[in-house]
2 protein chains.
Amino acid sequence: MAAKQQARQTQKSAVRAENERAILAAAEEVFAESGFRGATTGMIAERAGLPKANLHYYFPTKEALYRKVVEHIFNIWLDAANSFDENDDPVEALTAYISKKMDISRAHPMGSKVWANEILHKAPVIQDYLETTLRSWTSSRVAVIDRWVAEGRIAPVNGEYLLYLIWATTQHYADFNHQIDTLNGDAPLSDAQFEEAKQTVVRIVLAGIGAVPATAGGEGREA
Amino acid sequence: MAAKQQARQTQKSAVRAENERAILAAAEEVFAESGFRGATTGMIAERAGLPKANLHYYFPTKEALYRKVVEHIFNIWLDAANSFDENDDPVEALTAYISKKMDISRAHPMGSKVWANEILHKAPVIQDYLETTLRSWTSSRVAVIDRWVAEGRIAPVNGEYLLYLIWATTQHYADFNHQIDTLNGDAPLSDAQFEEAKQTVVRIVLAGIGAVPATAGGEGREA
DNA sequence: GCTCGATTTGACCATTTGGTCAGGTTTTCT
DNA sequence: AGAAAACCTGACCAAATGGTCAAATCGAGC
């Protein structure tokens, strides 16, 4: 029982953890569907299955809740960012990075939408992240791309604009999934379709910058 | 003066035309910055320089005003769509289309943001456009791409996913311009930078699908 | 200068919504 | 068991907001 007490003091109680999880999950959906202003704490509470006053017991203000949601998204993004560095070979690195970002768009479309909404509205909540973490991550990766160019491993390309193309395209499958579904006959992309989309993005990017896959590579998925 | 009277009856009076124009311009900005729910008719009226009650004299409801704004965006989009068909050569057609879409992102970032917001929130207002105009335009252009593939003018590629990549990337320069500006040292892209971004997108896409520019072409910018 | 429709606007209202609070219940610890 | 802490919630409130309206003003034609 000493362990139990220890648990209560170091980590959150089980009920608190569960309620916060439910609220954050509901909030991510509602914020994604309706934006910050469009979302109401009442809607979030209802979807989380508890009264509004209870929600405000755990998260004092709507903005505090929103900030937590956005931070969650950002951490997922950072996770994907690491896959860029797992290999120094441009083909391997970009394939892994694009694949990971596509997977995130499929697994967490709501999170991506919240992020998009935030940027669209000039990032009132996460401007500091943009100016610190995102900026430093980006410039260091651009340096990697520049090195690839200098070493002749890819064709000359501006690193920033290459990254923007990758971000835009991969996140499009989350942010604009409603449009994609509509053009797909009102049906979400099947696993096979999504896999083809992913391969299409990877192939266009790699070929687009003249990154020739090593013929002996383990990721030999060229059609 | 008969002409003046005629004018009042056939077209809107000058004051009406001017007020509607000012309101629509203000509405596009405010809806882009704050979303539908986040925007208030008071904010729009203030930016247009007239009292809220006057705004409601011209546009009875916030939703009617919003619909007008979205329709305006959609017409700009249709305009760009035509540039896809001006030439049957894949290099020419795609270069023109991408360039046009990039130019629109630079000239009408607010409009693009309103569109993005609308899709993000499942297109409550323009779902019918998606299912009619956008769907038919897309499928006919996919047919063109398929033909290019069949004729061996470009490498095999899924037309839908190629279009999504183009849409995503070009619109990213409008929808995410705040993020881009932040990564650019809190400054908007200069004309030269934007031109380089445009060329980067064009080059990656063309190379990505193996569309070899005619060596005699005027766009010969291969490094 | 009078009329009539178009335009303008301050004041107002009903509804929504973020957030509070007092009092109650449950859980945890000794 | 009993106290303390954590948790729960119906009722409530102040502010914001979309939209209304009646009265005032303007402008063109007679």
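Just so it is clear, the structure is predicted and the values come from calculations on it, not from any experiment. The figures that follow rest on heavy atoms only: side chains count, while hydrogens, waters and symmetry mates do not. Chain letters run A, B, ... following the sequence lines, proteins first, then strands; residues in each count from 1.
Remark: P of C:dG19 and NZ of A:Lys62 are 8 Å apart, rounded to the nearest angstrom. One interatomic measurement links the two molecules: CD of A:Glu46 to C1' of D:dT9, which rounds to 16 Å at whole-angstrom precision. For A:Lys52 and C:dG18, the NZ to P distance is 7 Å, given to the nearest whole Å. Put simply, CE on B:Met43 is 14 Å from P on D:dA16, counting in whole angstrom units. For B:Leu55 and C:dT9, the CG to P distance is 12 Å, given to the nearest whole Å. The CG atom of A:Asn54 sits 14 Å away from the C1' atom of C:dT20 (whole-angstrom rounding).
For C:dT16, the OP1/OP2 oxygens have no side-chain nitrogen or oxygen of B:Arg37 closer than 4.0 Å. Contact check, A:Tyr57 against D:dC7: a side-chain N or O comes under 4.0 Å of OP1 or OP2. Contact annotation: B:Asn19 side-chain N/O to C:dT8 OP1/OP2 distance is under 4.0 Å. Between A:Tyr58 and D:dA6, a side-chain N or O to OP1/OP2 separation shorter than 4.0 Å is absent. Distances shorter than 4.0 Å separate some side-chain N or O of B:Thr41 from OP1 or OP2 on D:dG18. Distances shorter than 4.0 Å separate none of the side-chain N or O atoms of A:Arg16 from OP1 or OP2 on D:dA6.
The number of heavy-atom neighbours closer than 6.0 Å to CD of B:Glu196, taken from other residues, nucleotides and ligands shown, is above 12. Atom CD of A:Glu18 has more than 12 heavy atoms from other residues, nucleotides or ligands within 6.0 Å.
Side chains of A:Tyr66 and A:Glu118: a donor-acceptor N/O pair is present below 3.5 angstrom, by distance only.
Of the residues listed (A:Phe74, A:Trp115, A:Trp77), the one engaging A:Tyr129 in a ring pair (Phe, Tyr, Trp, His ring centres under 6.0 Å) is A:Phe74, and it is the only one.
Using modelled atom types, one side-chain atom of A:His121 and one backbone atom of B:Glu33 make a donor-acceptor pair closer than 3.5 Å.
Two residues, B:Gly49 and A:Phe36, neighbour DNA chain C, and the one matched to the more 5' nucleotide by heavy-atom proximity is B:Gly49.
Set against D:dG19, D:dC7, C:dT9, the side chain of B:His56 has D:dG19 as its closest nucleotide. When each of D:dT17, C:dT9, D:dT9 is scored by its nearest atom to the side-chain atoms of B:Leu50, the top-ranked nucleotide is C:dT9.
Residue A:Ala39 is classed as a sugar-phosphate contact, given heavy-atom separations below 4.0 Å to backbone atoms only.
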